[in-house]
Student: 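One structure is given below, represented as structure tokens, and several questions about it will come after.
Chain A is the first sequence line, chain B the second, and so forth, proteins listed ahead of strands; every chain is numbered from 1.
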Amino acid sequence: MTEPRRAPENPTMEMTSNKEILRRIEYTGDMLLNMGPQHPSTHGVINFLVQTDGEVMKRAIPEVGYLHRSIEKIGEKCTYNGFMPYTDRVDYIAAMFANQGWAMAVERLLGVEVPKRAEYCRVIACELNRISSHLISVGTMAMDVGAVTPFPYALREREFINDLLEELCGARLTYNYLRIGGVAFDLPEGYADKVITFVDHFEKILVEFNRLITNNEIFVQRLAGLAPIPREMAIDYCLVGPNLRASGVHFDVRKDLPYSIYPELQFEVPVGRGEMGALGDAWDRFSVRCEEMKQSCRILRQCIAQIPKGESMAKVPRKIKFTEGLEAYSRIESARGDMQYYVVAGGGENAYRVKVRTGSFTAMGIIDTLSRGLMIADLVALIASLDVVAPEIDR
Amino acid sequence: MQGWIDSLIRGWGRDPASWPWTQLVYLAFMGLFAFLVINFAAITAGIFSWAERRVAARIQSRVGPNRVGPGGFLQWVADAVKLLTKEDLVPAEADKVLFRAAPYFMMVGFACVFVALPFSHRLVIADMNLGIFFILAVTALIVVGIIMSGWSSNSKWSLFGAIRSAAQIISYEIPAGMALMIPVLLAGTLSTQGIIRAQGGWPWQWFVFDNPATFAAFFIYFISALAEGNRTPFDLPEAESELVSGYNTEYSGMRFSYFFLVEWGNMWVMSALATTMFLGGWQIPGISAAQLDAMTGGRAAAFELLSLAIFAGKTLFWVFVVMWLRWTLPRIRVDQMMNMCWKYLVPVSFAAVLFVAGWMLLVRAAPAVGTVTHWVMFLAAGVLPTGFFVHRVLRNIRDTGDRFDFTSNW
């Protein structure tokens, strides 16, 4: 007889239903505030049950699941190629990464070698996408703190990237650019020059952006020392990506578990240093993203300089089939951190099980702990600083 | 304006003191002036709503509303028509009477200010001898309207906005009031026209450059006015990213627009008050107020218009600064807002009042000190920072490869 699985007996991890929590809040006489599902700064359809005493929060409990579209189940019903457009919807702000995770997982099942040129195309597309995703993140974060102007600036720059990616794959948001074994289209003519022109322009804009908001006194006052996540706590809560690095943990899948052509590229992994307040505070999470955009520019320059000639697609069978039970696992560094795909092959043309592990979902787990004693305005900044995206939480 | 009406009645060959219809004439003119003032307030607020959107668009490298009329200028008329024709929705659980009444309290508190605000040398509705006191008193009505709207909406977000707003406005009235007491001390009168007359036309004759404490007082007033007007960085009561829309969340249609009418109109009020108290008001450089008084006929009318233009120019500049700040700065947090008021602005404003009182004794004993300080303050606090600012802006523009562009995208 096997033991039934139990929740860990840990006082900090209360395994109570939201209904029970609501009942308890009512009993204390505090105000219960439903922040969301329709609220301007929850970054999608998320609800936060906020227990407050005036402006000071006692607790904020994230309630996820409003945007659940069963993408993992769809993955079991589609063919391997057919699932690619669905992966775009896992994280529509950084769709290229979701594409790449799926492509890599199936390529590992298939044991196919992706041509060098295709890898470069993937990295160029991904790094452009990383910049555009981080632009949204820092722009909305500034907007949530009340500065409206950085957001249009960030979106203006993102438009250039959207144009570039549109030229590459015909789509501006859900790219569906990668294919199992390569990429759908080779780089168009003159693409290298356009990317370099953009990078030259963008590096100047980053300086302006930092001057406008990153080092703004009010902005620093708002975010410095806000909800700091110490090193150990970040690891305990399985934070990934910029949120983890802001806490001073030097972990980047591109460096530590290298994939694609990242070992051939020179770039640094920015980590939080607690310059303005505590290590791993909201300002660190903001500035790490700004630094990462700079590094992405560096990667783009190298890719454009080194890209070899050749095929952009490997020889892949038209119908992809595996023996039942074969499994593969891929890890990539998405804009929101460590994104993992786990796929178990079914007997036929579709998978038996698909699992996507995303950074936003784990980031939601830490909000309850961090939110205690913060103010309502801080909760908004905290959510923004973790850069959660609703579709990536729920999938 | 009473003197003007009296002289009008005398022109009809009647004696205003004994003529039985005098009070009726007063009443008629009161109605006329009330009409003019409310329309001035509403139209300025409307135009500012357009101006703010265009300024914001410029700052954010967008185009902004440019379809209705030349440069989109009639956008505010279109918006007003739209808001008038929208349904006036009252939530089912709201306190209906308070909910309907709240916008009018806001409007009254806002429109009454214009009674004592000067526009030019002769143009002021009532040059009361307690003008500033009156203005401070009636602006406090706005907070009543905000609390009523927040409470009666029966929505948690509205309540949050209302309570934040009450805390903010009541707190910041203290430094604002103390800062405004400094020009009152210097001029020796509460009358707005009297305070302007005590200053001169040239920048170094303005109260802002009178001594270090007045310079500090000007900024204390300006910061407090931003807070009282719920403008960024103090727009906590209507922080859209936190409180959805704050105290006006549940409002719609024309009632909603009253709140914004007041907000935009308040920009004129705070800037006009800053101009009056610290920046020389309508004073024309090189022409004293006594010379203006002595003028008659067409010459008087021309200089009247000039003084109006000077006053409006200074005011509109500060209105622009308010917009500029709004679209540049982030919002501060509730506790920071309170800290700033009680820990910094209130003590500094009290100290400034004491300093100015002592300073006046010093200047009375040695008038040369006052003249020298005017010039030193003008150069050190006015010219130098402006020059530094222009230098920085030009450098930043050069660094990013940007350029000045005022002609495109109209």
Student: For the candidates A/H201, A/E217, A/E208, A/M375, which exhibits the highest count of non-hydrogen atom pairs separated by less than 4.5 Å from chain B?
Tutor: A/M375
Student: How about B/Y247 and B/F160: are their ring centres within less than 6.0 Å of each other?
Tutor: no
Student: If you take the centroid of each ring, where Trp contributes its six-membered ring, are B/Y251 and B/F259 closer together than 6.0 Å?
Tutor: yes
Student: Taking B/R62, B/Q336, B/K156, B/Q60 one by one, which has the highest count of heavy-atom pairs under 4.5 Å against chain A?
Tutor: B/Q60
Student: For B/R395, does the CZ atom sit with more than 12 other heavy atoms under 6.0 Å from it, leaving out its own atoms?
Tutor: yes
Student: Is the shortest heavy-atom distance from the side chain of A/L128 to the side chain of A/F198 under 4.5 Å?
Tutor: yes
Student: Just by distance, do the side chain of A/S360 and the backbone of A/I393 share a donor-acceptor pair under 3.5 Å?
Tutor: no
Student: Which answer fits A/R156, side chain, backbone, both or neither, if we ask what part of it has an atom under 4.5 Å from a heavy atom of chain B?
Tutor: side chain
Student: Considering only heavy atoms, which portion of A/I213 lies under 4.5 Å from any heavy atom of chain B: side chain, backbone, both, or neither?
Tutor: side chain
Student: Which region of A/A142, side chain (C-beta onward) or backbone (N, CA, C, O), has a non-hydrogen atom less than 4.5 Å from a non-hydrogen atom of chain B, or is it both or neither?
Tutor: neither
Student: Can you tell which of A/L379, A/V207, A/D378 has the highest number of heavy-atom pairs within less than 4.5 Å of chain B?
Tutor: A/D378
Student: Between B/Y221 and B/W318, does the ring centre distance come in under 6.0 Å?
Tutor: no
Student: Need one label for B/I163: side chain, backbone, both or neither, based on atoms under 4.5 Å from any heavy atom in chain A.
Tutor: neither
